[in-house]
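One-based numbering, in listed order, for ligands and for the atoms of each. These numbers come from the heavy atoms of this one structure, side chains and all, not from hydrogens, waters or symmetry mates.
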Amino acid sequence: MGRAMIIGCGGVASVAIHKCCQNSDVFEEIMIASRTKEKCDALAAKLAGGKTKIQTAKVDADNVEELIALIEQFKPDVVLNLALPYQDLTIMDACLATKTHYVDTANYEPLDTAKFEYKWQWAYREKFEKAGITALLGSGFDPGVTGVFAAYAQKHHFDEIHELDILDCNGGDHGYPFATNFNPEINIREVSAKGSYWENGHWVETEPMEIKRVYNFPEVGEKDMYLLHHEEIESLALNLKGIRRIRFFMTFGQSYLTHLKCLENVGMTSIEPIEFEGKQIVPLQFLKAVLPDPATLGPRTVGKTNIGCIFKGVKDGREKTYYLYNVCDHQECYKEVGSQAISYTTGVPAMIGAMLVMNGTWNKAGVYNIEEFDPDPFMEALNKWGLPWQESFTPELVD
Ligand code: NDP
């Protein structure tokens with residue numbers, strides 16, 4: 001039915017590409033384009049022989065002209081950006097120039113400021129509308145499925161949602177004293193930043209890891225979780241009718257936090273370049289180079305993730321609570337696609353978002369966050385493509 005160009009060939013892209021190949025009726029041809037072509041070739045070789053035709057290419061996604069040339073050559077129906085958040089705007093520029101739909105999983109972040117906001121990508125709304133193409137922002141798990149869950153709760157279960165808690169639990173164990181489950185640079189930038197939540201129309205800022213709660217996650221058990229700033233809060237605060245408070249919590253073990261504190265204290269998590277033996281280096285990028293590559297964690301990681309949303313609001317004049325979540329098993333993911341659950345829970349929704357844009361199910365010209373589309377086809381696809389969801393009407397609440 002169509003052709004997709006996937007940019008990036010890391011942990012998340014590898015899962016999305018496996019899933020595109022499983023879904024070959026929709027993804028007839030794909031191009032894997034990334035900085036290191038050898039990685040694209042290795043993955044293409046592993047998946048060769050299936051129905052989806054695969055091409056590979058080397059591309060510097062910071063270079064708009066290079067991207068345009070490649071898009072013009074391959075002529076994809078959609079570009080799925082699974083590189084890093086720094087490349088969002090250059091890839092959007094190339095999509096505009098070639099009138100090609102765009103999908104990503106993380107909002108733009110300038111390389112020199114650890115701050116993510118939608119304002120840079122929302123500034124493209126009019127240009128995408130005029131060009132008659134769709135940009136679907138944040139089609140991973142969080143952001144991504146969390147926004148779809150919110151749209152589904154809004155559509156089917158509430159007249160108004162007043163409170164939303166997004167809970168992201170990784171109950172997996174990889175056996176290393178310290179490693180990150182996805183790109184270490186992006187992960188550490190996220191967790192060492194100040195926390196914040198949305199309440200009564202404005203942001204409330206907290207110190208990093210200041211707010212801690214303990215939650216008993218279905219199928220995982222009791223875990224410590226900490227309030228973080230997270231990008232979907234910004235768009236959900238605008239798109240959920242009547243919303244008063246949105247918080248995001250992520251679980252961290254004590255060993256992870258102790259290591260992180262130590263690395264912070266010695267300056268290893270800084271993004272300020274320093275001079276080292278005559279060369280400028282960024283400490284956090286150096287740290288990334290010495291940490292285990294998240295792509296190698298798959299075979300070692302056991303346990304489950306549980307990511308979901310707890311909603312409080314009103315339906316037909318009555319107060320109501322509702323919990324939607326997915327549980328994903330690290331070893332099951334590894335058996336299926338050779339990756340752990342963190343990449344899996346992001347790569348599957350990335351494929352689904354690209355599919356819905358490409359086959360015209362989600363068809364609106366402009367730049368949209370995922371909760372602005374009809375959630376039903378996405379919810380159905382989650383069950384079909386490996387991330388079945390569960391619901392509870394009597395969840396434990398977070399105080
Ligand atoms: P990886 O670091 O594993 O992969 C990134 C890939 O992008 C690598 O293949 C890398 O190339 C490539 N790349 C980086 N810079 C460029 C460039 N300038 N030109 C071309 N290719 C480039 O990251 P992940 O797979 O873990 O994450 C991918 C994305 O998914 C990130 O944006 C991350 O923030 C997002 N994410 C979203 C989540 C969600 O739930 N919404 C959860 C987890 C991640 P090379 O191989 O040469 O390094």
- Message: Quick check on Glu380: does its CD atom have over 12 non-hydrogen neighbours (other residues, nucleotides or ligands) under 6.0 Å away?
- Response: no
- Task: Would you please classify the geometry between the Tyr124 ring and the Phe128 ring as parallel, tilted or perpendicular, with 30° and 60° separating the classes?
- Result: perpendicular
- Query: Should the pair Lys279-Glu277 be classified as a salt bridge under the 4.0 Å nitrogen-to-oxygen rule?
  - Reply: no
- Item | Atom indices of ligand 1, in the order listed, that fall short of 4.0 Å to a heavy atom of Ala61 | 17 (C), 18 (N), 19 (N), 20 (C)
- Task: Output the list of atoms in ligand 1 that are nearer than 4.0 Å to some heavy atom of Cys9, sorted by atom number.
- Result: 6 (C), 8 (C), 9 (O)
- Atoms of ligand 1 under 4.0 Å from any heavy atom of Val59, numbered from 1 in the order shown, are 19 (N), 20 (C)
- Message: If I take atom OH from residue Tyr322 and atom NE2 from residue His156, how far apart are they, to the nearest 0.5 angstrom?
- Response: 8.5 Å
- Do Glu371 and Ser235 get their side chains close enough for a donor-acceptor pair, meaning under 3.5 Å? yes
- Note on the structure: Among Cys40, Pro143, Ala83, Gly8, closest by heavy atom to atom 29 (C) of ligand 1 is Ala83
- For the residue pair Tyr118 and Trp122, categorise the inter-ring angle as parallel (less than 30°), tilted (30 to 60°) or perpendicular (more than 60°). parallel
- Flag this pair as yes if the NZ/CZ of Lys320 is under 6.0 angstrom from the six-membered ring centre of Phe393 and inside a 45 degree cone about the axis; otherwise no. no
- Message: I want to know if ligand 1 touches Ile7 in the polar sense, i.e. an N/O pair below 3.5 angstrom.
- Response: no
- Proximal ligand 1 atoms for Ala106, defined as those under 4.0 Å from one of its heavy atoms: 32 (O), 34 (O)
- Item | Heavy-atom nearest neighbour in the protein, as seen from atom 10 (C) of ligand 1, with distance rounded to 0.1 Å | Arg35 NH2, 3.9 Å
- Task: Pick one of side chain, backbone, both or neither for how Thr345 approaches ligand 1, counting any non-hydrogen atom pair under 4.0 Å.
- Result: neither
- Measure the distance from atom 43 (C) of ligand 1 to every protein heavy atom, then report the residue, atom name and distance (to 0.1 Å) of the closest one. Thr346 OG1, 3.6 Å
- Identify the closest protein heavy atom to atom 12 (C) of ligand 1: which residue and atom is it, and at what distance? Ser34 OG, 3.6 Å
- Query: For atom 36 (N) of ligand 1, which candidate among Val145, Thr105, Asp62, Ile186 holds the nearest heavy atom?
  - Reply: Thr105
- Task: Looking only at protein heavy atoms, identify the closest one to atom 3 (O) of ligand 1 and say how far it is in Å.
- Result: Gly11 N, 3.1 Å
- Task: Establish, for the pair Lys288 and Phe286, whether the NZ or CZ atom is under 6.0 angstrom from the six-membered ring centre and no further than 45 degrees off its axis.
- Result: no
- Message: Within the 4.0 Å heavy-atom shell around Lys39, which atoms of ligand 1 are there?
- Response: 45 (P), 46 (O), 48 (O)
- Taking the inter-plane angle between the rings of His230 and Phe248 on a 0 to 90° scale, is it parallel (under 30°), tilted (30 to 60°) or perpendicular (over 60°)? parallel
- Query: Which protein heavy atom lies closest to atom 44 (C) of ligand 1, and at what distance to 0.1 Å?
  - Reply: Phe182 CD1, 3.7 Å
- Do any nitrogen or oxygen atoms of Val12 lie less than 3.5 angstrom from nitrogen or oxygen atoms of ligand 1? yes
- In terms of ring plane angle, is the pair Phe158 and Phe311 parallel, tilted or perpendicular, where the classes change at 30° and 60°? tilted
- Query: If you measure from atom 8 (C) of ligand 1 to every heavy atom of Gly10, Gly140, Gly347, which option wins on shortest distance?
  - Reply: Gly10
- Mark yes or no: Arg3 above the aromatic ring of Phe27, with NZ or CZ under 6.0 Å from the six-membered ring centre and no more than 45 degrees from the axis. no
- Note on the structure: If you scan protein heavy atoms around atom 2 (O) of ligand 1, the nearest is Asn183 ND2, 2.7 Å
- Item | Atom indices of ligand 1 within 4.0 angstrom of Thr36 heavy atoms, with elements | 45 (P), 46 (O), 47 (O)
